[in-house]
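Read through the structure below, which is laid out as structure tokens, and then see the notes.
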Amino acid sequence: MTQDELKQAAAHAALAFVPDGSIVGVGTGSTANHFIDGLAQMKGRIRGAVASSEASAQRLAAHGIPLFDLNEVTTLPVYVDGADEIDPTLAMIKGGGGALTREKIVAAVAERFVCICDASKRVDCLGRFPLPIEVIPMARAQITRALQALGGQAVLREGFTTDNGNIIIDVHGLRIARPVELESTLDQLVGVVTNGLFARRGADTLLLAAASGVERFDAG
Ligand code: 5RP
């Protein structure tokens, strides 16, 4: 199977977690796109979706799936999204597609976070994938210095603006042994909007697709 076929298998397995009549939180990226396409096949059974990016909102709308503003809903039974890396505790690095802020906001409202990945995303220790940080543009230089001081190599994502009008700095070379602590440390840097560690609120369930099938892991 190709990596894309594995992403599709994980995404389709997540459809079983969508309750009838619900509003679904929807992530961003190529794996989430497969989930959106699957959701379209059962759109008569759901009320609609809250999107974590303009790109996902457009894809949902193209399928005729009603879109809800997050401020219109008080809770979401499930949020389904991919990840760039996920560790054994189901802490993740996200934001490879630059949608980390809205992803973290929608995930925070959801009762259950279902992460959908191909097997290449599973790691023992987070950090091989550069950690994305969304930053207010005027804080770029000071945040770059602060990130270098933490031991990472901070690289501006050239030519990229987030849906919120900000920049992304990708931090290379981190070995993230304590993701919960690092997530909190990064959140305290003035000028950081969101960091791509999803550890304090990690996934509740991982659906991991390999050639042998889709395996389910639940947070302990
Ligand atoms: C976007 C994300 C994505 O979930 C992450 O980048 C994984 O993407 P893909 O499913 O395309 O491999 O965090 O901001």
Side-chain angles (χ1 to χ4, degrees), residues 1-19 22 24-43 45-46 49-53 55-60 62-63 65 76-100 102-104 106-107 110 112-132 157 168 170 172 174-176 179 196-199 201-220:
M1 287 172 92
T2 65
Q3 187 181 26
D4 194 57
E5 287 168 338
L6 294 175
K7 289 180 178 192
Q8 186 177 44
H12 285 182
L15 295 170
F17 288 80
V18 176
S22 63
V24 187
V26 175
T28 298
S30 56
T31 318
N33 281 345
H34 284 303
F35 177 70
I36 294 170
D37 296 346
L39 210 51
Q41 305 305 311
M42 55 177 283
K43 67 181 178 190
R45 287 170 39 199
I46 61 169
V50 173
S52 62
S53 63
S56 289
Q58 280 175 21
R59 197 174 187 99
L60 287 157
H63 282 305
I65 296 172
L76 298 165
V78 66
Y79 175 71
V80 179
D81 199 358
D84 298 303
E85 284 185 350
I86 184 161
D87 79 4
T89 69
L90 307 194
M92 297 163 280
I93 287 181
K94 291 185 46 55
L100 61 164
R102 296 189 188 191
E103 291 172 342
K104 208 176 257 197
V106 182
R112 179 194 284 262
F113 187 139
V114 176
C115 181
I116 46 177
C117 288
D118 69 87
S120 72
K121 306 291 184 70
R122 178 74 157 66
V123 297
D124 288 330
C125 183
L126 300 173
R128 195 179 57 216
F129 190 92
L131 178 64
R157 199 178 292 185
I168 298 276
D170 293 303
H172 297 247
L174 294 174
R175 188 177 183 281
I176 305 171
L197 279 170
F198 286 55
R201 200 275 183 260
D204 300 297
T205 298
L206 166 63
L207 299 174
L208 192 69
S212 51
V214 178
E215 200 172 352
R216 172 180 172 169
F217 301 86
D218 290 302

- Task: May I ask you to test the Val80-Val26 pair for a side-chain heavy-atom distance under 4.5 Å?
- Result: no

Quiz item: Is Leu15 close to Leu39 at the side-chain level, that is, under 4.5 Å between some pair of heavy atoms?
Solution: yes

If we ignore hydrogens and angles and just use 3.5 Å, is the side chain of Thr28 paired with the main-chain N or O of Ser56 as donor and acceptor?
no

### Message
Cation-pi check for Phe217 against Arg122: NZ or CZ below 6.0 Å from the six-membered ring centre and within 45 degrees of the axis, yes or no?
### Response
yes

Looking only at heavy atoms, the pair that brings Ser120 and Gln3 closest together is OG-NE2, 3.2 Å

(message) In the structure I gave you, are the side-chain heavy atoms of Pro19 and Val78 within less than 4.5 Å of one another anywhere?
(response) yes

Across all chains, not counting sequence neighbours, the ring pair (Phe, Tyr, Trp, His ring centres under 6.0 Å) partners of Phe198 are none

Begin from the C-alpha positions of Arg128 and Val123 and carry the test side chain to side chain contact (heavy atoms under 4.5 Å, CB included) through to its verdict.
CA-CA 9 Å; Arg128 195 179 57 216; Val123 297; 3.7 Å; yes

Are the side chains of Ile65 and Ile46 in contact, using a 4.5 Å heavy-atom criterion? yes

**Asked** Between the side chains of Thr2 and Asp4, is a donor N or O closer than 3.5 angstrom to an acceptor N or O?
**Response** no

I'd like to know if the side chain of Lys43 and the backbone of His63 have a donor-acceptor N/O pair within less than 3.5 Å.
yes

Taken to the nearest 0.5 Å, the spacing of Leu206 CG from Thr89 OG1 works out to 11.0 Å

Between Asp81 and Ala32 the two heavy atoms that sit nearest each other are OD1-CB, 4.1 Å

Checking the side chain of Asp170 only, and the main-chain atoms of Arg157 only, is there a donor and an acceptor separated by less than 3.5 Å? no

>> Show, in sequence, the C-alpha distance, side-chain angles and deciding distance for Asp218 and Arg112, and conclude whether the side chain to side chain contact (heavy atoms under 4.5 Å, CB included) test is met.
In response: CA-CA 11 Å; Asp218 290 302; Arg112 179 194 284 262; 4.2 Å; yes

To the nearest 0.5 Å, atom CD of Gln8 lies from atom CE of Met1 at 8.0 Å

Between the CD atom in Glu85 and the SG atom in Cys125, the distance rounded to the nearest 0.5 Å is 8.5 Å

Can Ile168 and Leu100 be said to form a side chain to side chain contact (heavy atoms under 4.5 Å, CB included), step by step?
CA-CA 10 Å; Ile168 298 276; Leu100 61 164; 3.5 Å; yes

query: Just by distance, do the side chain of Asp84 and the backbone of Gly96 share a donor-acceptor pair under 3.5 Å?
result: yes

Discussion item. Less than 4.5 Å apart, side chain to side chain, heavy atoms only: is that true for Asp87 and Pro179?
Written reply: yes

On a heavy-atom basis, the closest approach of Leu208 and Ala119 is CD1-CA, 3.8 Å

* Side-chain donor or acceptor of Lys104 paired with backbone N/O of Leu197 under 3.5 Å -> yes

Discussion item. Could you check whether any side-chain heavy atom of Met92 comes within less than 4.5 Å of a side-chain heavy atom of Phe113, counting everything from C-beta outward?
Written reply: yes

CG of Leu207 to CZ of Phe35, rounded to nearest 0.5 Å, is 10.0 Å

For Leu60 and Ala51 the tightest heavy-atom approach is CD1-CB, 3.8 Å

Nearest heavy-atom contact between Ile93 and Pro130 is CG2-O, 4.3 Å

- Derivation of the side chain to side chain contact (heavy atoms under 4.5 Å, CB included) call for Glu5 and Asp118: CA-CA 9 Å; Glu5 287 168 338; Asp118 69 87; over 6 Å; no

Here the gap from Arg201 atom CZ to Tyr79 atom OH, rounded to the nearest 0.5 Å, amounts to 10.5 Å

For Cys115 and Ala203, the nearest pair of non-hydrogen atoms, with its separation, is CB-CB, 3.8 Å

